[in-house]
Novice: 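Sharing a structure with you now.
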Amino acid sequence: MEAGRLKRRKRLFLPVLGLLLFILVSLHLMSSATQEASELGEMYSWLLLINSLGSFLLLGLVSANALWLFRQFSKKAIGSRLTARIVMLFIILSLAPSSVVFYYSLQFLHRSIDSWFDVQVDHAMDEALQLSQASLDERMRNLLKQTEQANRSLDVQSDTLLAIELDDLRNNILATELTVFSKSREIIAYSSASPVLLPELPNDTVLLQLRRGEPYVNLQPGSSDELFIQVVVPTNADNSRFLQALYPLSSRISNLANSIESAYVHYKELTFLRNSLKFTFSLTLSLVLLVSLLATIWIAFLSSKRLVKPVRDLVRGTQAVAEGNYEQKIALAGKDELGFLVESFNDMTSRIGQARDLADKSQIEIETQRNYLEAILASLSTGVISFDRELNILTANRAACNILRLDETLLLNHTLDEIAASSPNISRLINTIQERSTGSQEPWQEECAIFGGEGRQILMIRGTSLYDSSNKLSGALVVFDDVTTLVQAQRDAAWGEVAKRLAHEIKNPLTPIQLSAERIQHKLSAALDEKNGALLKKSTHTIVQQVEAMKTMVKEFSDYARPPSLKTEQIDLEKLLKEIIALYASKNISIQLNGPIEPIPVDPLRIRQLFHNLIKNSLEATESSSSQQIKIVLEKITAQDRDFLQIAVEDNGSGLPKEQLDTIFDPYVTTKEKGTGLGLAIVKKIIDEHGGIIWADRDFQNGARFVVRLPYSQIRRTTA
Amino acid sequence: MKSGNSVQSDQNRHKGFNTFWLPLLTVTVLIFSSFLFAAEPEFFIRSASLEKNNDGWQLSAQIDYRFSEPTIEALNNGVPLYISTRLKVDQPKRWFWSKTVLEKEIRTRLRYLALSKLYQVTDLEDGKHHNFASFQAAIDHLGSPKKTLSQQEADSIKPDSTKAKLKTKLEIESLPLPLRPVAYLKPAWHLNSGWHTWKLAD
């Protein structure tokens, strides 16, 4: 494109230069033609035409450029104002001095021409001519008299002898030629000093005068600058014949007369042409001025376009950069300051483009890394929360929201105090974070228990401070895991192990003890008296009874410790519950269905045991209450993208002691005097086997509420 | 098929023609047409003939020379006026074309002699001049040219030449240089008879 532009410029440059040179040459020739009488004078009209056409051509070019500029200005195109300013400057700079020079040149020219003409010279020329005429008039009068005298002396009857007479007469009167002719211009006789074919007779106008009887006398220019005096007089009274005489003037007089006439005519012509001369010179000068001005204006347009082009390109380039296009390059504008500016601009945009590309690349990388980290954080089961320096939460991953059972909107961009106020169940966590994060530069770790609607949660929290590149504190990072299940599983495993070992260690001696007791009864009962026999029987019976009780306890322990072996089926839990409740027909146990529920995959036997244990527990708790009420609420809920069947068992008993709420599902935790304390532990175990959760609703007033959630899709969990 | 660039450049050329060359041409034609149509002929050829006689082919004509006031004033102030009279003889060719077999120019000078107060008419071909006491007599003489063609000129007139035409005009180019621009600009100086055509006698 640059090469094409250069080519176009070269293509235009030569014709432009050629045109200007041609016009200049023709102007010079025209100017020369007006000053000298030369061959150029013959070409003057052509030169004038060429220069006029050249002026028109230049005017056309200037008009086209002016129109272009006007359109650009109207459209407020880039660079149009600058171009207009430069062009105006050029015009003013060229017009002002040119006009002054033109005006004064014209004045000078006109005055110079006027100075050629003097009234005195004019008078002198007139008087010189008049003097010549007067002098010649005198001579003419004399020659007229002489001719009339000669005419009178002509007295020839015969035309034949007239020629001879004329000859003599001519010699006498010193005429060059004598001719006698009729009124019908018929030559009757003539005599001539030089051989002529036929003498020239007067024209009709002279003849008319002669026919009226008036003689005619006048100067007659000869064929070669000599002057004659022509005299024609009528020869007879009826004016039918005329005598014409030609008298030569002496060469000196002829020369003088011709000289005077020539000078006079020349001066007269010049005087007549005075205004034309002024006009012609003014026209030439005006054409020169016009062509110069038009050429200057045209060059001004071309130059300003050339000058403004790089500026316009720069403006466009700046706009492109502002719009984010860094690829635009501006063509180099030459080796001057503007070229340097353009080169610097190109360099700058190139670098900006590279920096932008680098930034984009970095941004993409950062985004990719961020997305990667976010994906990792989102899929982590560990909660990750980041804080700023003021401990406002900046980010919280999905696991953190799930663990704390809070929506992301309740966490992000809130202070810890605000979160504590809106979610008091995690106030302990917040307090821990606040205490450990302020003033601590080392990573820290702490276990913290929070109590939500789903019961106690044990969180293992680890925290660290964050620093920026200048090692200034920029925030904090806290990660936490819900280790409730782990702790519970550890506890269950521990209890299971204890139960297994106890069962094994205790079970073994029980049978021998029972057998020994029975044997003692059998062997000694006959040998003892009635009293001792009764004592023996009672004692052995007690031993056997207690052994049985211990066997039962050991069996229950074994059952608790036994690994689960579920046989799941799709069970309509409402129907199952109704069957179970039917066994407690005398009791006030109701079922409430909150919405439709679907069959759920559970082990029916284990579930029965579960509900039996819960109902028995509630019945025992409401035994002392006047109006025993047990309500079982069934509803399908969705939590953490999973469907659960939630069963809440509510009673209006004495409620649960607050100090036992944390451990109520542990083995051997009971509020009753009797009982193994394994009922709720077994319930929890069954629920764990089904992958569900159970908790005691600590907020339930007027009794106790146990909430069971069983998943519709099983995630098997095993406990040691 | 033209590419987008060549179509664009064609459009640009047409646009350039419309905005620049067309107005320029229009203005030029208008100005020069003013010269062509501004002046009505003040020279009038009433009749002309080209006849063969004993002396050869002779051209005779009757022309009314009606000079304008500026031309007469110029004449009386010493400016010589040159009259050019052109004769053309055509020979017919095929398809209504014709060939010019003879083209002759007769130049005459009319000037005023201030000393003798005579108007001199000079035939620039043979140098002969005739002097007249009045302007009217001079132009009467001027208006009755009689010219015998030379042998060479006569020989160029073919037997089948059918048409002759005659035109007379005032030569502006022969005027003094300072007067020429004025003469070109003023219609009074554009004295031209136009072509007078006639059939040659058998």
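Chain A is the first sequence line, chain B the second, and so forth, proteins listed ahead of strands; every chain is numbered from 1.
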Novice: If I measure from the heavy atoms of chain A, does Ala183(B) come under 4.5 Å with its side chain, its backbone, both, or neither?
Specialist: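 It is neither, since no heavy atom gets under 4.5 Å.
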Novice: Does anything in residues 253-267 of chain A get under 4.5 Å of chain B by heavy atoms, and if so which residues?
Specialist: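 The list, in residue order, reads Ala257(A), Glu261(A), Tyr264(A), Val265(A).
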Novice: With only heavy atoms counted, which part of Leu270(A) is less than 4.5 Å from chain B, the side chain, the backbone, both or neither?
Specialist: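 Neither part; nothing is under 4.5 Å.
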Novice: For Glu200(A), is it the side chain, the backbone, both or neither that has a heavy atom under 4.5 Å from a heavy atom of chain B?
Specialist: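 The side chain, not the backbone.
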Novice: Grab the two heavy atoms, one from Leu144(A) and one from Pro215(A), that are nearest each other, plus how far apart they are.
Specialist: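 Answer, listing the atom of Leu144(A) first, then Pro215(A): CD1-CB, 3.8 Å.
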Novice: Please determine, among Ala137(B), Pro181(B), Pro176(B), the option with the most heavy-atom pairs under 4.5 Å with chain A.
Specialist: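 Among the listed options, the one with the most contacts to chain A is Pro181(B).
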Novice: Does any heavy atom of chain B fall under 4.5 Å from the side chain of Asn218(A), the backbone, both, or neither of them?
Specialist: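 When you check distances to chain B, only side chain atoms of Asn218(A) fall under 4.5 Å.
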Novice: Give a yes or no on whether the backbone of Ser84(B) and the side-chain of Arg107(B) come within a donor-acceptor separation of less than 3.5 Å.
Specialist: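 Side chain of Arg107(B) to backbone of Ser84(B): no pair is present.
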Novice: One thing to verify: whether Lys104(B) and Glu125(B) come together as a salt bridge, which I'm taking to mean a side-chain N less than 4.0 angstrom from a carboxylate O.
Specialist: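 Salt bridge between Glu125(B) and Lys104(B), a charged N being under 4.0 Å from a carboxylate O: yes.
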Novice: Taking distance alone, no hydrogens or angles, what donor-acceptor pairs closer than 3.5 Å link side-chain atoms of residues 108-118 of chain B to residues at least two apart or in another chain?
Specialist:
from      : atom 1 : to        : atom 2 : distance (Å)
Arg109(B) : NH2    : Thr122(B) : OG1    : 3.4
Arg111(B) : NE     : Gln120(B) : OE1    : 3.0
Arg111(B) : NH2    : Gln120(B) : OE1    : 3.2

Novice: Report which part of Pro202(A) has an atom under 4.5 Å of a heavy atom belonging to chain B: side chain, backbone, both, or neither.
Specialist: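 Interface part for Pro202(A): neither.
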Novice: What part of Leu129(A) is in contact with chain B, defined as an atom under 4.5 angstrom from a non-hydrogen atom: side chain, backbone, both or neither?
Specialist: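 Both the backbone and the side chain of Leu129(A) come within 4.5 Å of chain B.
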Novice: Pick from Gln220(A), Gln209(A), Met140(A): which one has the most heavy-atom pairs with chain B under 4.5 Å?
Specialist: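 Highest number of heavy-atom pairs under 4.5 Å: Gln220(A).
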Novice: According to side chain to side chain donor-acceptor pair (under 3.5 Å), who are the partners of Asp114(A), at least two apart in sequence or on a separate chain?
Specialist: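 Partners of Asp114(A) under the side chain to side chain donor-acceptor pair (under 3.5 Å) test: Arg274(A), Lys278(A).
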Novice: Please look at Ser63(A) and chain B and tell me whether the side chain, the backbone, both or neither of the residue comes under 4.5 angstrom of a heavy atom of that chain.
Specialist: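 Looking at Ser63(A), nothing touches chain B.
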Novice: Give a yes or no on whether the backbone of Phe117(A) and the side-chain of Asp122(A) come within a donor-acceptor separation of less than 3.5 Å.
Specialist: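 No, because the side chain of Asp122(A) does not come within donor-acceptor range (under 3.5 Å) of the backbone of Phe117(A).
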Novice: Which pairs count as ring pair (Phe, Tyr, Trp, His ring centres under 6.0 Å) when at least one residue sits in residues 120-144 of chain B, sequence neighbours excluded?
Specialist: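 As it turns out, the ring pair (Phe, Tyr, Trp, His ring centres under 6.0 Å) pairs with a partner in residues 120-144 of chain B, which skip direct neighbours, are Phe67(B)-Phe135(B), Tyr119(B)-Phe135(B), His130(B)-His141(B), Phe132(B)-His141(B).
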Novice: Is the ring pair Phe281(A)/Trp116(A) parallel, tilted or perpendicular, if the boundaries are 30 and 60 degrees?
Specialist: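 Ring orientation of Phe281(A) relative to Trp116(A): perpendicular.
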Novice: Checking the side chain of Glu42(B) only, and the main-chain atoms of Ala188(B) only, is there a donor and an acceptor separated by less than 3.5 Å?
Specialist: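 Judged by distance alone, no pair lies under 3.5 Å.
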Novice: Determine whether the side chains of Glu173(B) and Ser45(A) contain a donor N or O and an acceptor N or O closer than 3.5 Å.
Specialist: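 Yes, side-chain donor-acceptor contact under 3.5 Å.
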Novice: Under a 4.5 Å heavy-atom cut-off, does chain B meet the side chain of Leu48(A), its backbone, both or neither?
Specialist: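 Contact with chain B: side chain only.
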Novice: Of all the heavy-atom pairs spanning Arg185(A) and Leu201(A), show the shortest one and how long it is.
Specialist: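 So the two residues come closest at O-CD1, 3.4 Å.
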